[in-house]
Each structure stands twice: as C-alpha cells, then as structure tokens.
Amino acid sequence: MNGLGNQIIVVDMRGRADRVTPAAAIAINAMAGTKFDQIMAIHDARTPGTANYIEIINSDGSRAQACGNGMRCVVQALTAELGVQRLTFETVAGLLFGEEQADGMITVDMGTPKLAWYDIPLAEEFADTRKIELQIGPIDAPVLHSPSVASMGNPHATFWVGDDVWSFALDRFGPMLENHPIFPERANISLAQVTAPDKMILRTWERGAGLTEACGTAACAAVVNGARTRRTARAVTVTLPGGDLHVEWRADDHVVLTGPAEREWTGIVDPATGVWVRDEVAA
Ligand SMILES: N[C@H](CCC[C@H](N)C(=O)O)C(=O)O
C-alpha cells in the first residue's frame, strides 16, 4: 500500500502463531516488485476480545514501535474488509484509534508524545529536549545542529533549517545522525523548514529504512517539537516529498495524524517458495 509515498506492505498474520522475521522482511524487500519501507503485520489480539496487535518491521529487518503512514494503511485495509469506519489497534506504543473520513482520508490518533530524555531515549541526560547539543559538520560552522527530540513511541530528532530544506545532503548526514551514539536505539532524522505558524516542509531519513517520501511519526514529532519551541501552532499542515499530512497535537496531549492511504496491489506468499504472487489492483 501507499502511505503518501511511504511504501507499506500490510501482512495478514491473523490466526497464525508465527511472526514476520527480520530475515523474511529482508528477503521480501530484496525481491523485485515487493520493496517496501515498512511491513505492518496484523496479528490476533493479545488478549481475546481486545484490539488486533500490529507489529512494525523496517526494510532493514529492525522492529519499530510506531508508524503513522503504516497505521493509516492498516485502517484503510481493515475498514474496507470489515465494513466499519473506526478501529482500535494495539501496538508497542499503546492503543491507537483509526477512522476513515467521508472524503476517504484516514485519521489516526497516534497517542501521546514522550519528551523526557530517557523516553526518547538519549544516551545522556538532557534537562530540556527542545534543544540538545548535537551537531554535524565543521565544529566552527556546523551544517546541522541543536535538534529538538521527541518520541512517538519511536525516536525522532527534528533539525530546524531556516530556508531551502531541499539543499541539504540528507542522504549523507542521515545515516551518520541515525547511528549517532547519543541515540542508543538509533533515531529517525528530520529536517524541518517552518514556512508559517501552521505550515512546515519536512524531509526524513528514517531509522531502518533510509530516505523515504514521507514519515508520519516524524511529522507528528515535528509538530510537537514546533509547538513546544514556539515555532508553530499545534495544528500544522506538513508538506513532505510525497505530499501533505495534517497533524494536530490536541489539548488532551494526543497527536492526531490525517492523510491518504491507497491500496496498490494484493498478493500471497507461496509457502513453498516464499515468493510473493502479486495480483495487481485495478486502478
Ligand atoms: N522508521 C521508523 C518506523 C516507520 C515510521 C514511518 N514510516 C511513519 O510513517 O511513521 C522507526 O524505525 O522508528
């Protein structure tokens, strides 16, 4: 599925006791036609009668705690299958609520941000995570510095750039920052250019997936970071390479993400060969 350019494979694991393994994820990503940014594996509820459990795997095989674009794809897939409009899911990051809007857009309540250094997590104590000492480039003229950090269940660093966010070599700086020792669980690295109190442009180097067309949880973290550093309002339209997402950090501390989710193909994995058999979805 296509989550604003984020390539998502939604896998139905209901009724099965096994999980999508890192090796399987890497193998699927290596096959032509099934490259992805994340796999969203739908499992049975951990406690019968409660919400389906969703596991998230990046294209490098690592597990993630949250995925905004992927959750929208799961909501779109399951509301269509079940003929309902609103669904609840359990993830590592907690319970999430998704709803399909009348205009086809999908809204997901991504829960509450975690802002303490030990919740991001960071390798050392920072009293104020709105601006931490981290920079890249020449010591006397850093290219990027002083990010705001926040967790949406997964770790995010938002670097603020004054203009021309497109001019930065994020493909070069991204992996260095993703794997910086200050982030013991690595981190998703975003560059944000605020163009108005309710508008920003965002580019993301994703932990475990690299440069992507969009990152939903990065958009959520950037709006939380923008609001708490007084750069933005609490409701912002975030323009990513793949298109626009709308994010609101509500007064009840929940972050709500709204955007599209499109089904591109369905398929099955041949258990004998492990090869996907794709059925193209009529456009
Ligand atoms: N790469 C992220 C997970 C996917 C996030 C992104 N695709 C989204 O839409 O939120 C991580 O390892 O934390």
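In what follows, every heavy atom counts, from backbone to side chain, and hydrogens, waters and symmetry copies are set aside. Remember, predicted model here, so these are calculated numbers, not experimental data. As the structure lists them, so they are numbered: ligands from 1, and atoms in each ligand from 1.
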Inset, instruction - Evaluate the criterion salt bridge (charged side-chain N to carboxylate O under 4.0 Å, His left out) for residue pair R207 and E178; output intermediate values, then yes/no. - result: CA-CA 6 Å; R207 176 181 68 168; E178 170 195 358; over 6 Å; no
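Among the atoms of N69, some N or O lies under 3.5 angstrom from an N or O of ligand 1. Checked by distance only, ligand 1 and G216 come closer than 3.5 Å through their nitrogen or oxygen atoms. Among the atoms of C215, none of the N or O lies under 3.5 angstrom from an N or O of ligand 1.
The existence of a salt bridge linking R16 and E55 is excluded, since no basic side-chain nitrogen approaches an acidic carboxylate oxygen closer than 4.0 Å.
Once rounded to the nearest 0.5 Å, the distance linking CZ of R72 with CG of N2 reads 9.5 Å. With rounding to the nearest 0.5 Å, the separation of CG in L134 from CZ in F126 is 7.5 Å. To the nearest 0.5 Å, the span separating CG on N29 from CG on D37 amounts to 8.0 Å.
With a 4.0 Å heavy-atom cut-off, ligand 1 is reached by no atom of A209. If you look at Q38 next to ligand 1, the close heavy atoms, those under 4.0 Å, all belong to the side chain. Counting heavy atoms closer than 4.0 Å to ligand 1, residue D37 contributes nothing at all.
For atom 10 (O) of ligand 1, the closest non-hydrogen atom on the protein side is T217 OG1, 2.6 Å. Remark: minimum distance from atom 5 (C) of ligand 1 to any protein heavy atom is reached at E206 OE1, 3.4 Å.
When each atom of ligand 1 is checked for a heavy atom of N188 under 4.0 Å away, the hits are 1 (N), 2 (C), 11 (C), 13 (O). Here is the list of ligand 1 atoms found below 4.0 Å of a heavy atom in N58: 1 (N), 2 (C), 3 (C), 11 (C), 12 (O). Heavy-atom proximity to A66, at under 4.0 Å, picks out these atoms of ligand 1: 3 (C), 4 (C), 5 (C).
Put simply, the side chain of W166 reaches to within 4.5 Å of the side chain of P241, judged on heavy atoms. Residues P22 and D60 fail the side-chain proximity criterion, which asks for heavy atoms closer than 4.5 Å.
Side chain of N6 to backbone of A214: a donor-acceptor contact under 3.5 angstrom is found.
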